[in-house]
Student: 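Provided herewith is a single structure, encoded as structure tokens, for subsequent inquiry.
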Amino acid sequence: MHSFGYRLNGLLTFAVTILALMCAITSLSDNFNTPSPSAEIKIMNINWFQKQPQGHDEVSLTMNVSADLQSLFTWNTKQVFIFVAAEYETPKNSLNQVSLWDAIIPAKEHAKFWIHTSNKYRFVDQGNNLRGKKFNLTLHWHVMPKTGKMFADKIVLTGYSLPEEYR
């Protein structure tokens with residue numbers, strides 16, 4: 001006859017095994033979701049464009065960000081972290097990324113939005129490479145599931161440029 005400890009151990013082992021199996025199935029079910037997010041970013045104004053005393057270029061932008069990210073949410077999604085980055089090339093680096101704005105979307109109900117905002121973080125280039133520079137604005141997202149691995153993707157929006165002269 002087995003003691004109470006052996007029976008409890010068997011029951012807990014069985015329960016943890018079933019829980020792990022359910023988590024694995026939950027994580028695998030996200031692979032069947034094919035999200036189709038959309039986004040649009042319009043630069044409404046370049047508030048200022050100046051050279052800092054250290055010689056670095058700095059830009060302040062006002063932009064409208066609209067996006068429909070509802071398709072990223074499944075029953076396994078805890079939240080989605082999003083951010084807008086300016087991406088451009090310089091003679092020294094083939095890719096420069098500067099984060100301009102970010103947010104956390106806690107639920108599907110908040111995943112379709114429109115916001116009028118200035119850049120939350122400073123758009124600074126370490127040098128004087130921004131005058132007349134063409135750049136992309138990229139909306140990045142990281143989906144944080146309740147269980148399973150995180151995944152990330154982005155939408156690249158092209159065709160933006162900065163003025164030739166400081167303002």
Side-chain angles (χ1 to χ4, degrees), residues 5-44 58-127 129-130 133-160:
Y6 283 126
R7 290 180 184 177
L8 183 62
N9 184 31
L11 181 64
L12 288 176
T13 302
F14 178 71
V16 169
T17 303
I18 294 300
L19 183 62
L21 183 63
M22 289 174 60
C23 287
I25 290 170
T26 300
S27 180
L28 290 173
S29 72
D30 276 345
N31 294 332
F32 298 115
N33 182 34
T34 53
S36 56
S38 62
E40 184 178 350
I41 303 172
K42 290 184 182 175
I43 295 179
M44 304 309 290
E58 182 175 2
V59 182
S60 173
L61 305 169
T62 300
M63 56 191 163
N64 287 344
V65 180
S66 62
D68 183 1
L69 306 176
Q70 291 179 331
S71 63
L72 296 174
F73 281 83
T74 65
W75 60 278
N76 188 32
T77 304
K78 181 176 182 180
Q79 64 186 11
V80 177
F81 173 73
I82 59 172
F83 68 98
V84 173
E87 299 178 346
Y88 59 96
E89 292 183 13
T90 59
K92 275 186 162 182
N93 301 307
S94 61
L95 177 64
N96 295 279
Q97 291 181 313
V98 180
S99 181
L100 302 177
W101 174 83
D102 64 9
I104 294 174
I105 302 173
K108 187 175 186 174
E109 296 78 37
H110 305 288
K112 190 171 187 176
F113 64 91
W114 176 88
I115 187 169
H116 178 79
T117 185
S118 291
N119 47 309
K120 191 174 178 181
Y121 305 106
R122 295 171 47 169
F123 184 177
V124 177
D125 179 64
Q126 294 178 347
N129 298 306
L130 292 181
K133 180 63 68 181
K134 293 189 181 309
F135 65 98
N136 299 329
L137 289 177
T138 305
L139 179 71
H140 296 261
W141 61 84
H142 297 264
V143 177
M144 297 170 194
K146 293 175 185 165
T147 183
K149 71 174 191 167
M150 251 177 42
F151 75 91
D153 207 350
K154 63 186 176 182
I155 295 176
V156 178
L157 305 160
T158 61
Y160 302 97

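FYI, side chains are in, hydrogens and waters are out, and symmetry mates aren't considered; it's all heavy atoms of this structure. Numbers here simply count residues along the sequence, with the first being 1.
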Student: For the atom pair OG (Ser71) and NZ (Lys112), what is the distance rounded to the nearest 0.5 Å?
Tutor: 11.0 Å
Student: Is Trp101 close to Ile115 at the side-chain level, that is, under 4.5 Å between some pair of heavy atoms?
Tutor: yes
Student: Which distance, rounded to the nearest 0.5 Å, do you find between the CG of Asn119 and the OG1 of Thr62?
Tutor: 8.0 Å
Student: Go through the steps to decide whether Phe113 and Ile82 satisfy the test side chain to side chain contact (heavy atoms under 4.5 Å, CB included), and finish with yes or no.
Tutor: CA-CA 12 Å; Phe113 64 91; Ile82 59 172; 3.5 Å; yes
Student: Report the distance from atom CG of Leu137 to atom NZ of Lys42, rounding to the nearest 0.5 Å.
Tutor: 13.5 Å
Student: Would you give the length of the straight line joining atom CZ of Phe73 to atom CD of Glu109, rounded to the nearest 0.5 angstrom?
Tutor: 8.5 Å
Student: Work out which heavy atom in Ile104 is nearest to a heavy atom in Gln79; give both atom names and the distance.
Tutor: CG2-OE1, 3.5 Å
Student: Nearest 0.5 angstrom please: Glu87 CD to Leu157 CG, how far?
Tutor: 10.0 Å
Student: Do other residues, nucleotides or ligands put more than 12 heavy atoms under 6.0 Å from Met22 CE?
Tutor: no
Student: Is Phe123 close to Leu130 at the side-chain level, that is, under 4.5 Å between some pair of heavy atoms?
Tutor: yes
Student: Is the ring pair Trp114/His116 parallel, tilted or perpendicular, if the boundaries are 30 and 60 degrees?
Tutor: parallel
Student: Sequence neighbours left out, what passes salt bridge (Lys or Arg N to Asp or Glu O under 4.0 Å) with Asp102? Give chain and number order.
Tutor: Lys120
Student: Would you check if Pro145 and Met150 make a side-chain contact, meaning some heavy-atom pair closer than 4.5 Å?
Tutor: yes
Student: Would one find more than 12 heavy atoms of other residues, nucleotides or ligands at under 6.0 Å from atom CD of Gln126?
Tutor: no
Student: Using the test salt bridge (Lys or Arg N to Asp or Glu O under 4.0 Å), find all partners of Glu58 that sit at least two apart in sequence or belong to another chain.
Tutor: Arg122
Student: Among pairs that include at least one residue of residues 143-159, which meet salt bridge (charged side-chain N to carboxylate O under 4.0 Å, His left out), considering only residues two or more places apart or in two chains?
Tutor: none
Student: Taking all atoms of both residues into account, what is the closest heavy-atom pair of Gly159 and Asn136, and its distance?
Tutor: N-OD1, 4.2 Å
Student: What's the shortest heavy-atom distance between Ala86 and Phe135, and which atoms?
Tutor: CB-CD1, 4.1 Å
Student: For residues Tyr88 and Asp125, is any side-chain donor paired with an opposing acceptor at under 3.5 Å?
Tutor: yes
Student: Looking at every non-hydrogen atom in both residues, tell me the closest pair between Asn129 and Pro91 and how far apart they are.
Tutor: OD1-CD, 4.1 Å
Student: How long is the straight-line distance from CG of Leu95 back to CD of Glu89, given to the nearest 0.5 Å?
Tutor: 8.0 Å
Student: Can you name the closest pair of heavy atoms from Ser99 and Phe83 and give their distance?
Tutor: OG-CD1, 4.0 Å
Student: Taking the side chain as everything from C-beta on, heavy atoms only, tell me whether Thr147 gets closer than 4.5 Å to Asn76.
Tutor: yes
Student: Of the options Thr158, Ile155, Leu100, Val156, which is the one that meets Thr138 in a side-chain contact (heavy atoms from CB on, under 4.5 Å)?
Tutor: Val156
Student: On a heavy-atom basis, which atom in Thr13 and which in Thr17 lie closest, and how many Å separate them?
Tutor: O-OG1, 2.7 Å
Student: With Leu72 as reference, evaluate Val80, Asn33, Thr77 under the side-chain contact (heavy atoms from CB on, under 4.5 Å) test and give the passing residue.
Tutor: Val80
